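Please read the structure below before turning to the comments.
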Amino acid sequence: MDRFLFLTLDGVSTGAVYAAFALALVLIWRAARLVNFAQGAMAVATAYVGYAVVSATGSYWLGLGAAVLAGLALGALVERVLMRFVGHANPLGDVIVALGLVLLIQAVLGMVFGNEYRPTAVPFDTDALTVGGIAAMSPYDLWVLGAVVVVVALLALLFTRTSLGLRMRASAFAPEVSRLLGVQVSRMLTVGWALAAAVGALAGMLVVPTGLGLHPHAMDLVFVIAFTAAVVGGLDSPAGAVVGGLLVGLILSYVTGYLGPDTTPLAVLVLLLAVLLVRPGGLFSGPRARHV
Amino acid sequence: MTAILEVDELSSGYGPVPVLRDVTFEVPTGTVTAILGANGAGKTTLLRTLSGLLRPTTGRVRFDGEDLRGVPVERLVRRGLAHVPEGRGVVAELTVEENLRLGGLWRRDRADARRAQDEVYQLFDPLARRRRHAGHQLSGGERQMLALGRALIARPRLLLLDEPSLGLAPRVSGQIMTLLRQLCDGSGLTVLLVEQNVRSALGIADQGVVMSLGRVVMATPAAQLRDDEQLRHAYLGF
Ligand SMILES: Nc1ncnc2c1ncn2[C@@H]1O[C@H](COP(=O)(O)OP(=O)(O)O)[C@@H](O)[C@H]1O
Ligand SMILES: [Mg+2]
């Protein structure tokens, strides 16, 4: 029972990171109707920036801020100089460009920082606190969970309460009508990418120190897991991404805990296939009315 | 009388396929001009070219005396030109309130944008009662009210309307026509109205422009089209 509780709590805190990362995928899907397969590599790149700043200044918080800023800049850059020019004529066009970007980023990171593991830092203790004799979450897990909750809340506020959020939603749902109403739709697309990459950067900073280590391929598996989470939730639904992230985090925690860590990648693939076969629109897809 | 819109030898189309050919006409300030013509005549294509969604291959459009060539779509509403597209363009996923707010986001004068929104709610009572409903929950008539009201929040000088009465009950579409006439007479708005429903359009129009196969075949006072049976028969088929 103790073990089950431990695995549950562990699943929630890793699931929170998957949720954030899945949210970043959903943001871009909603804005541009494409899955950003370079999200993992972009997050690693920004994590390198973040931890380089941590090493240079000795401050985790400065590094975290730098990573998020780097995410904003990288997201905007990728949209402006690359994705903008990939038409939808070829349905695989954006996938191929994104995979090319992955190779480019990983090669550049290898050249600049080397391919061996780089040091990371954590702001809080990673040893689990024991509550009533049971190993529960570590202070670091609590920080991860809190950070993700705050980001999700801020995004929800942005989209539902601000005029920027309204512009972004309208641009995604009805670009032509939005332009007729004076919304600068192409700018909203850039903002969407910037925001998504910043959320990805935060998720990268949170997850890299937890057993992954900082190297150019650090987020490869995390990307696949987060993609699964986003598909579970339905690529269109931010709330679905959060629930999907937590759900996948829990499932993987149980699988890893009871069957051993070697089974994790297999479990992810089985889960992804199962969702794609049974409910390709995601668990939260409904008969959504879309008459204009 | 000055013309708020001058269309001069305008041609455009989709890719290499030409649709509009040398379209020329004027819209006098403060009037209602009805664009009439059979399905596929190019009426929607004309409006889309006027508002910049399609780029003309040749010819030009002057709005208020200024050439619109190269002006981005999202700038036109700031200049006073609003386009309610075919199918109305209500954003189905947004609420009534959000749709209306969206129409005024570009405005610097926040107070007046809010005032305009209140005016829309007064004008269209059903919308005021459904502020929190999503666009896809509205009836056809309510959607038309929302699309029209949203355009009015920009306080446009020229309003392009693409088949506003499509799919509406005759009573509702009659109300909308009456309202358009009132807006023109009361606030100096100019309306360019595309309609399949020729009778109701001619009922409020000052001028009728008849299109066929991408060309303007006649531009004449609406009264003449209303009254001259032979003319109506020849150009409009009834
Ligand atoms: N998106 C499009 N691509 C190619 N041809 C189109 C497109 N939209 C309309 N057309 C063609 O342009 C012509 C005029 O259409 P349209 O402007 O919609 O006419 P109307 O609004 O008068 O019914 C028609 O022949 C139609 O087939
Ligand atoms: Mg049409």
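Letters A, B, ... mirror the listed sequences (proteins, then strands); counts begin at 1. Just so we're clear, the structure is a prediction, and the values are computed from it rather than from any experiment.
Considering every non-hydrogen atom in both A:V177 and B:G89, the closest pair reads CG1-O, 3.2 Å.
The 12-atom threshold is exceeded at CZ of B:R55, counting heavy atoms of other residues, nucleotides or ligands nearer than 6.0 Å. Enclosure of atom CZ in A:R161 is not indicated, since only 12 or fewer non-hydrogen atoms of other residues, nucleotides or ligands lie within 6.0 angstrom. Counting heavy-atom neighbours within 6.0 Å of A:R84 CZ, excluding the residue itself, gives a total above 12.
Look at B:E74 and A:R187 and you find no salt bridge, because none of the NZ, NE, NH1 or NH2 atoms lies under 4.0 Å from a carboxylate O.
For a residue to count as touching a neighbouring chain, one of its non-hydrogen atoms must lie under 4.5 Å from one of that chain's; by this rule B:R79 does not touch chain A. If you measure heavy-atom distances from B:R107 to chain A, you find no contacts under 4.5 Å at all. Using a 4.5 Å cut-off between heavy atoms, B:L102 touches chain A through backbone and side chain atoms alike.
We find the CG-CG distance between B:L76 and A:L181 to be 12.0 Å, quoted to the nearest 0.5 Å. Within the model, atoms OG of B:S51 and CZ of A:R179 stand 9.5 Å from one another, a figure rounded to the nearest 0.5 Å.
Between B:V77 and A:L180 the shortest side-chain heavy-atom distance does not fall below 4.5 Å.
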Test salt bridge (Lys or Arg N to Asp or Glu O under 4.0 Å) on B:E93 and A:R30 and set out the steps. CA-CA 13 Å; B:E93 293 87 348; A:R30 278 165 62 107; over 6 Å; no
Run the side chain to side chain contact (heavy atoms under 4.5 Å, CB included) check on B:R48 and A:E176 step by step: do they pass? CA-CA 11 Å; B:R48 291 173 64 81; A:E176 197 166 85; 2.8 Å; yes
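For the pair A:R169 (side chain) and B:L94 (backbone), a donor-acceptor distance under 3.5 Å is absent.
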